[in-house]
Amino acid sequence: MSRLPIRPSKRDLPTSSSSSSENGQDFAPAQKKIRKDPEPVKPHAAATIIGGRRNPVAATRAPISRPVRGVGAATVAVGPSRGVLKQSIASTAAKGGNVKQTAAPTCPKTGGVGGPKRQAWDLKGKFSDMEGKVRNYQTKVKATNQENEALKETMVQSQSRVVEMEKTLARQKSQISEYEAELQALSGVRDELEMVSSDKSTLEKELSNLESKHKVMETVRDSQEIELQTLKKTLARLQVTVRDQEEEVCSLKDTVVQQKDELHAGEMDRRRLHNDIQELKGNIRVFCRVRPLVEGGLSKHIQLAASDNKTITLAKTEESHTGKTADTQKNYNFNFDRVFGPQSLQQEVFEEISLLVQSALDGYNVCCFAYGQTGSGKTYTMEGDECDESRGVIPRAVKQIFRAAEKLGAKGWEFTFTASFVEIYNETLQDLLYSGKARKGLEIRKSTNNEVTITNLTYERVCNEDQVLGLIMLANRNRSTAQTAQNDRSSRSHSVFQLDIEGVNVGRDVKCKSTLCLVDLAGSERMLKSQSQGERFKEMTAINGSLSNLGIVITALANKESHVPYRNSKLTYLLQGCLGGNSKTLMFVNIAPEPDSFGETLNSLRFASKVNDCVIGTANANRK
Ligand code: ADP
Ligand code: MG
């Protein structure tokens with residue numbers, strides 16, 4: 001600080017502390033210049049805006065090569081101006097009033113020219129310093145203005161460029177969306193293409209497969225062609241052979257026809273001869289069968305001839321009444337077509353009957369019945385036991401019939417079979433194939449062509465052996481039901497199994513019809529009159545009546561009487577078709593070997609031999 005009195009004057013330079021106001025006055029022109037044109041700040045904003053916009057433009061245009069270059073140029077142009085702007089902003093801010101802050105970089109304390117610090121009194125020096133500073137600022141302002149102008153120009157250019165670029169951007173955006181659409185379309189095409197190419201590869205594989213198959217087939221075809229050629233040659237040879245053979249076949253066919261005729265004639269001859277043999281054997285035949293003793297063997301009073309199997313002798317030792325003479329032995333001799341001893345088997349017995357069964361298929365009525373006292377073996381002979389070896393006449397006959405019918409089928413015969421099973425008890429008929437309550441209204445009827453049928457009776461069509469065996473079992477069940485109701489009824493009733501046989505040979509126009517009748521008669525034993533009363537007496541009368549009438553009928557037939565009393569009993573009425581001249585009859589007389597059956601045995605043998613003596617008229621087959 002100076003000790004000199006200092007007058008305040010216009011030219012007095014302020015102290016450094018008050019320099020700010022003076023500076024403010026000194027800088028006024030410059031400030032005014034700047035204030036006059038506040039625009040210089042705007043370019044900053046414009047530049048900032050440009051700078052701000054540049055990024056998105058650059059970002060959006062990055063992938064597109066050409067436009068990027070253009071933008072790059074713009075950025076370069078704007079870049080340097082930014083630095084200038086910063087300077088101008090700084091300077092403008094300084095001029096804006098905050099001298100303390102801004103004076104530091106632009107106005108050094110030394111007076112701006114870097115000289116030594118002026119003395120307080122060196123006002124002139126200070127003034128010149130100030131002038132220098134003013135000039136500096138003016139130069140700077142000028143430069144800044146110029147820069148501003150340049151920036152304005154640049155900004156205008158940039159704006160037009162921006163507009164241009166926006167247009168370009170819009171164009172490119174639309175192009176991009178076009179490209180995107182195109183791309184989308186192309187991706188669809190690509191998918192299609194992928195599918196097509198996968199299809200193609202599949203097809204190629206298939207094709208190669210087919211090609212390899214084709215090759216194999218070609219090979220096969222080649223070999224087959226060769227084979228075909230060979231076969232053609234063979235065929236030609238064979239055709240010649242076939243022609244020869246056809247001629248041969250024709251002649252053979254003629255021979256076959258001829259031989260069929262001969263066969264048929266042979267078959268008819270066989271039937272006739274078979275029948276002749278049966279007739280020679282007798283149209284009514286009687287077989288005697290002796291039941292074994294329960295303990296086995298045979299009683300002494302029954303003797304069978306060792307020489308043949310046709311004689312049976314019943315011996316009875318009669319004690320002397322006076323006691324003076326020796327006991328006398330009385331022999332009763334009987335001859336039958338065949339006598340079967342106690343050891344005879346069911347099979348042996350059937351062999352003798354099988355010829356008659358054949359006659360039934362040939363169209364002759366056949367009747368086979370078992371006569372004898374109760375317990376003599378009638379049921380055993382006719383039905384037998386269930387086991388194969390001891391089966392009786394009925395199941396064996398049925399088996400033979402179906403087998404023979406099958407064989408005759410090969411010769412053009414067709415058979416139909418109808419079975420029925422009836423019981424005659426107390427002169428009433430019972431249907432054994434009907435399981436319900438006893439049927440009423442069973443009556444024997446004789447048609448105009450002499451066929452005997454029973455009204456309301458079950459006639460079951462059968463096709464095989466098993467069906468018939470089933471019916472026989474059913475009949476036995478029904479019979480045993482009746483038996484429990486009436487004790488021992490089966491021995492006091494006749495059971496009649498009938499199989500109606502109808503045969504047709506369509507080719508030869510021949511038919512035959514016959515009945516096979518198998519009868520298990522009621523026990524022939526007679527009863528003491530004193531023992532038979534009431535129901536028992538009625539039964540006895542019925543049995544005796546029908547059996548004795550059977551004898552009478554046979555005798556009448558033997559004597560060729562004009563009237564045969566068939567109608568006298570249900571049994572003979574039912575069997576009349578099988579007992580007449582048109583039939584073959586076989587009677588078993590079954591005898592029990594026990595000594596106490598002697599009387600009944602003698603009676604049975606007498607009855608049987610009476611039948612045996614009958615000669616029934618020559619039978620005619622029921623042929624049309
Ligand atoms: P019928 O029917 O005459 O009353 P069966 O046939 O019932 O007599 O015979 C009486 C018994 O004698 C039965 O047990 C039967 O098995 C037996 N029998 C009959 N004949 C013979 C035979 N030839 N061999 C063995 N057993 C027989
Ligand atoms: Mg019996």
Side-chain angles (χ1 to χ4, degrees), residues 282-290 312 314 332-339 356 365-374 376-378 381-382 423-427 444 452 491-496 517-529 532 537-592 597-617 619:
N283 275 338
I284 181 157
R285 263 174 273 171
V286 180
F287 291 172
C288 175
R289 190 176 192 187
V290 187
I312 180 169
L314 220 59
Y332 299 89
N333 294 320
F334 297 95
N335 282 307
F336 296 106
D337 290 284
R338 179 81 198 253
V339 174
L356 288 183
N365 287 339
V366 173
C367 183
C368 174
F369 53 86
Y371 181 96
Q373 71 177 106
T374 300
S376 60
K378 297 184 297 295
T381 302
M382 295 309 289
E423 182 190 53
I424 304 169
Y425 173 71
N426 269 354
E427 286 301 280
I444 301 167
V452 178
S491 69
R492 300 192 301 277
S493 65
H494 312 298
S495 83
V496 183
C517 198
L518 304 166
V519 189
D520 187 355
L521 291 171
S524 62
E525 62 274 11
R526 293 152 307 155
M527 229 169 277
L528 291 173
K529 281 197 177 153
S532 53
F537 179 74
K538 199 177 152 193
E539 272 179 7
M540 192 200 77
T541 319
I543 296 163
N544 286 347
S546 62
L547 288 178
S548 60
N549 196 54
L550 184 65
I552 293 164
V553 164
I554 293 169
T555 313
L557 286 167
N559 297 337
K560 294 187 177 144
E561 286 172 16
S562 56
H563 177 68
V564 181
Y566 290 116
R567 284 180 184 253
N568 283 2
S569 74
K570 297 269 179 201
L571 180 69
T572 47
Y573 193 24
L574 179 63
L575 295 180
Q576 65 178 294
C578 305
L579 292 172
N582 202 19
S583 65
K584 301 184 183 305
T585 307
L586 177 79
M587 178 174 138
F588 275 101
V589 56
N590 290 90
I591 55 170
S597 294
F598 185 90
E600 285 304 329
T601 303
L602 188 59
N603 259 337
S604 296
L605 291 173
R606 276 180 177 155
F607 178 86
S609 68
K610 200 160 90 183
V611 171
N612 196 39
D613 291 342
C614 292
V615 180
I616 297 176

Of all heavy-atom pairs between [X] and [Y], which one has the smallest distance, and what is that distance?
{"X": "Ala522", "Y": "Leu547", "result": "O-CD1, 4.0 Å"}
{"X": "Cys367", "Y": "Cys578", "result": "CB-CB, 3.2 Å"}
{"X": "Gly523", "Y": "Thr374", "result": "CA-OG1, 3.5 Å"}
{"X": "Asn590", "Y": "Gly377", "result": "ND2-O, 3.3 Å"}

Nearest 0.5 Å please: distance from the [atom1] atom of [X] over to the [atom2] atom of [Y].
{"X": "Leu579", "Y": "Leu571", "atom1": "CG", "atom2": "CG", "value": "8.0 Å"}
{"X": "Leu602", "Y": "Tyr332", "atom1": "CG", "atom2": "OH", "value": "5.5 Å"}
{"X": "Asn549", "Y": "Tyr573", "atom1": "CG", "atom2": "OH", "value": "13.0 Å"}
{"X": "Met382", "Y": "Asp520", "atom1": "CE", "atom2": "CG", "value": "6.5 Å"}
{"X": "Ser491", "Y": "Ile543", "atom1": "OG", "atom2": "CD1", "value": "7.0 Å"}
{"X": "Lys378", "Y": "Ser524", "atom1": "NZ", "atom2": "OG", "value": "6.0 Å"}

Is there a side-chain contact between [X] and [Y] in this structure, where contact means two heavy atoms from C-beta onward sitting under 4.5 Å apart?
{"X": "Ile554", "Y": "Thr585", "result": "no"}
{"X": "Leu575", "Y": "Cys517", "result": "yes"}
{"X": "Gln373", "Y": "Thr601", "result": "yes"}
{"X": "Pro565", "Y": "Thr572", "result": "no"}

Check for a donor-acceptor pair, side chain of Ser597 on one end and backbone N or O of Glu600 on the other, with a separation under 3.5 Å. no

Okay, side chain of Asp337, backbone of Val286: is any donor-acceptor separation there less than 3.5 Å? yes

So Phe588 and Phe287, would you call those rings parallel, tilted or perpendicular, with 30° and 60° as cut-offs? perpendicular

Determine whether Ile312 and Phe336 satisfy the following criterion, side chain to side chain contact (heavy atoms under 4.5 Å, CB included), listing intermediate values before the conclusion. CA-CA 8 Å; Ile312 180 169; Phe336 296 106; 3.9 Å; yes

Quick one: do His494 and Leu574 satisfy side chain to side chain contact (heavy atoms under 4.5 Å, CB included)? Show the steps, please. CA-CA 11 Å; His494 312 298; Leu574 179 63; over 6 Å; no

Starting from the C-alpha separation in whole Å, work towards a yes-or-no answer on side chain to side chain contact (heavy atoms under 4.5 Å, CB included) for Ile552 and Asn568. CA-CA 10 Å; Ile552 293 164; Asn568 283 2; 5.8 Å; no

Checking Ser546 against Lys570 for the side chain to side chain contact (heavy atoms under 4.5 Å, CB included) test, could you report, in this order, the C-alpha distance in whole Å, the side-chain angles of both residues, the deciding distance, and whether it holds? CA-CA 7 Å; Ser546 62; Lys570 297 269 179 201; over 6 Å; no

